[in-house]
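This report concerns only the one structure given below.
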Amino acid sequence: MTRAVIALFFLALTSCSSTRRSPTSWQLADDSPVKPDAALLADMIAALDAAAQAGTNPSISKFHVRAATAFEHNGQRVVIAGGNTEYALPEAIHGETSAVNHAIVRVGADAARAKVRFVAFYSQSCGTSLGCGDCRDFMCASTQSDRLLWVCGSAADHKIRVRRFAEGLAAEERFPDATPAELGIPTADLQRLNNAVRDAWKHGISLFTSPEQHTAAAVLTAKGAIHRAAGADDAAFHYRFPVGGALQQAATAGEYAVRAVMVAGKAGAWPHIAYRDRQYGYEFSSFGQARGQLPIRLILSNGQGRYKVTTFESALPYAFSVARFNPQAIERFLRAQEPALR
Ligand SMILES: [Zn+2]
């Protein structure tokens, strides 16, 4: 993965050399989808001014993500900033996760969940993304995600645009039900996927993961190969996700064209697919689409003959992806892999 690719994993891009205007010059954009009231807008402006000054350490991408939130606590306005940090292999702590984590540090988890109403980004430009999959998981766990607002303050014109974070969520329960015939997978391949995912689910590593949380995935590639993986946790809580794991095995075999991914959990229940794992699927689906193929079918199995089917594109609305911001990077990568793709 190149530095240019890494750089594209961020919603809010801010140059060090941006000209900073008076803190009083922020204005709500006429086309802002959400119109906050005056008090909330004042908190957003205070947060944007703090975000503009936030420290970051994007040692790989060189792109700064400056985020902040603000709320009343003990009779005073509290303004809390966060910034992105990158390290070693392309890994990162993202600006929005940093800001909400700092809010927890400042007022405690319960107060932060009750009081954080928005995350504001001081941004070079306001795109459509509602954050990466991992940050969505963190926001769902740490805030009232159904009411959380996503605020972009444009460094260029000091216009503020406010959206709903929940537009980036897609609950598994709402994925469309499908009969086996509607899955678009030949019966023999469907049986192979079922066998692989049920067998994989028996294994993996569940030191801290409950049976209800434990899931597995099986991948059917365009060449007809099956790859599989089960979730694996560890003491540092650096969970290894099944969809990402199975797709990594496909990539290791040089197979970047994937037809379907089946996910299953405890028999009789619909599996939960973390947004971080959806991000891996979304990125992988963009490989096949760059070669004119259909999006990967994402199939949920309840282990008792019932299915739901969707795509990673539908399961991760307003995704942040290299495919959206730098398709040339995917083209360069796939061209280098072309012998393996044939
Ligand atoms: Zn993120």
Side-chain angles (χ1 to χ4, degrees), residues 3-4 6-29 32 34 36 40-71 77-87 90-107 112 115-136 138-139 142-143 148-165 168 318 320 325-326:
R3 290 183 176 189
I6 301 299
L8 296 166
F9 278 87
F10 302 97
L11 162 70
L13 309 181
T14 302
S15 163
C16 285
S17 58
S18 299
T19 301
R20 290 178 179 141
R21 300 181 182 183
S22 162
T24 59
S25 65
W26 292 107
Q27 284 188 322
L28 187 68
S32 175
V34 176
L40 183 54
L41 183 61
D43 279 351
M44 291 174 176
I45 290 171
L48 286 168
D49 287 336
Q53 306 296 327
T56 60
N57 184 22
S59 57
I60 304 169
S61 71
K62 311 303 179 191
F63 285 95
H64 306 265
V65 182
R66 297 181 166 114
T69 189
F71 49 82
R77 175 192 278 160
V78 175
V79 183
I80 299 167
N84 63 324
T85 296
E86 300 168 352
Y87 53 102
E91 293 198 84
I93 296 167
H94 291 175
E96 54 267 56
T97 291
S98 170
V100 174
N101 176 251
H102 289 170
I104 293 170
V105 171
R106 182 78 169 268
V107 302
K115 296 190 174 187
V116 170
R117 296 159 297 167
F118 66 86
V119 178
F121 299 87
Y122 181 78
S123 304
Q124 197 63 37
S125 62
C126 294
T128 61
S129 168
L130 288 167
C132 78
D134 188 49
C135 286
R136 296 184 200 203
F138 183 76
M139 295 301 154
S142 306
T143 72
L148 186 67
L149 299 175
W150 221 238
V151 181
C152 184
S154 168
D157 60 8
H158 267 215
K159 290 291 173 62
I160 299 172
R161 291 173 177 82
V162 184
R163 302 164 64 207
R164 297 189 185 283
F165 171 77
Y318 302 104
F320 194 80
F325 295 99
N326 189 2

So do the side chains of [X] and [Y] get within less than 4.5 Å of each other, counting heavy atoms only?
X: L149; Y: M44; result: yes
X: H94; Y: F138; result: no
X: V34; Y: W150; result: no
X: L28; Y: P36; result: yes
X: H64; Y: Y122; result: no
X: V151; Y: I160; result: yes

So, taking the atom named [atom1] in [X] and the one named [atom2] in [Y], what distance separates them when rounded to the nearest 0.5 Å?
X: S154; Y: Q124; atom1: OG; atom2: CD; result: 7.5 Å
X: N101; Y: S142; atom1: CG; atom2: OG; result: 8.0 Å
X: I45; Y: L41; atom1: CD1; atom2: CG; result: 4.0 Å
X: S32; Y: K159; atom1: OG; atom2: NZ; result: 11.5 Å
X: T97; Y: R136; atom1: OG1; atom2: CZ; result: 12.0 Å

Next on the checklist: Pair V116, L148 - check side chain to side chain contact (heavy atoms under 4.5 Å, CB included), show working.
Outcome noted: CA-CA 8 Å; V116 170; L148 186 67; 4.1 Å; yes
Where [X] and [Y] come nearest, the two heavy atoms and their spacing:
X: N84; Y: P58; answer: ND2-CB, 3.7 Å
X: Y87; Y: A92; answer: CE2-N, 3.8 Å
X: I60; Y: E86; answer: N-OE1, 2.8 Å
X: A112; Y: V107; answer: N-CG2, 3.6 Å
X: E96; Y: M139; answer: O-CE, 3.3 Å
X: G82; Y: A54; answer: O-CB, 3.7 Å

Checklist entry - Can you check side chain to side chain contact (heavy atoms under 4.5 Å, CB included) on V65 and T56, steps first, answer last? => result CA-CA 7 Å; V65 182; T56 60; 5.8 Å; no
Checklist entry - Considering residues, nucleotides and ligands other than R164, do more than 12 of their heavy atoms fall under 6.0 Å from its CZ? => result no
Item to check | D43 vs R117, side chain to side chain contact (heavy atoms under 4.5 Å, CB included): CA-CA, chis, key distance, verdict | outcome: CA-CA 10 Å; D43 279 351; R117 296 159 297 167; 2.6 Å; yes
Checklist entry - What orientation do W26 and H158 show, parallel under 30°, tilted 30 to 60°, or perpendicular over 60°? => result parallel
Next on the checklist: side chain to side chain contact (heavy atoms under 4.5 Å, CB included), that's the test. Do L40 and V162 meet it? Break it down for me.
Outcome noted: CA-CA 11 Å; L40 183 54; V162 184; over 6 Å; no
Checklist entry - Can you name the residues that form a side-chain contact (heavy atoms from CB on, under 4.5 Å) with A47, not counting sequence neighbours? => result A68, A70, F118, A120
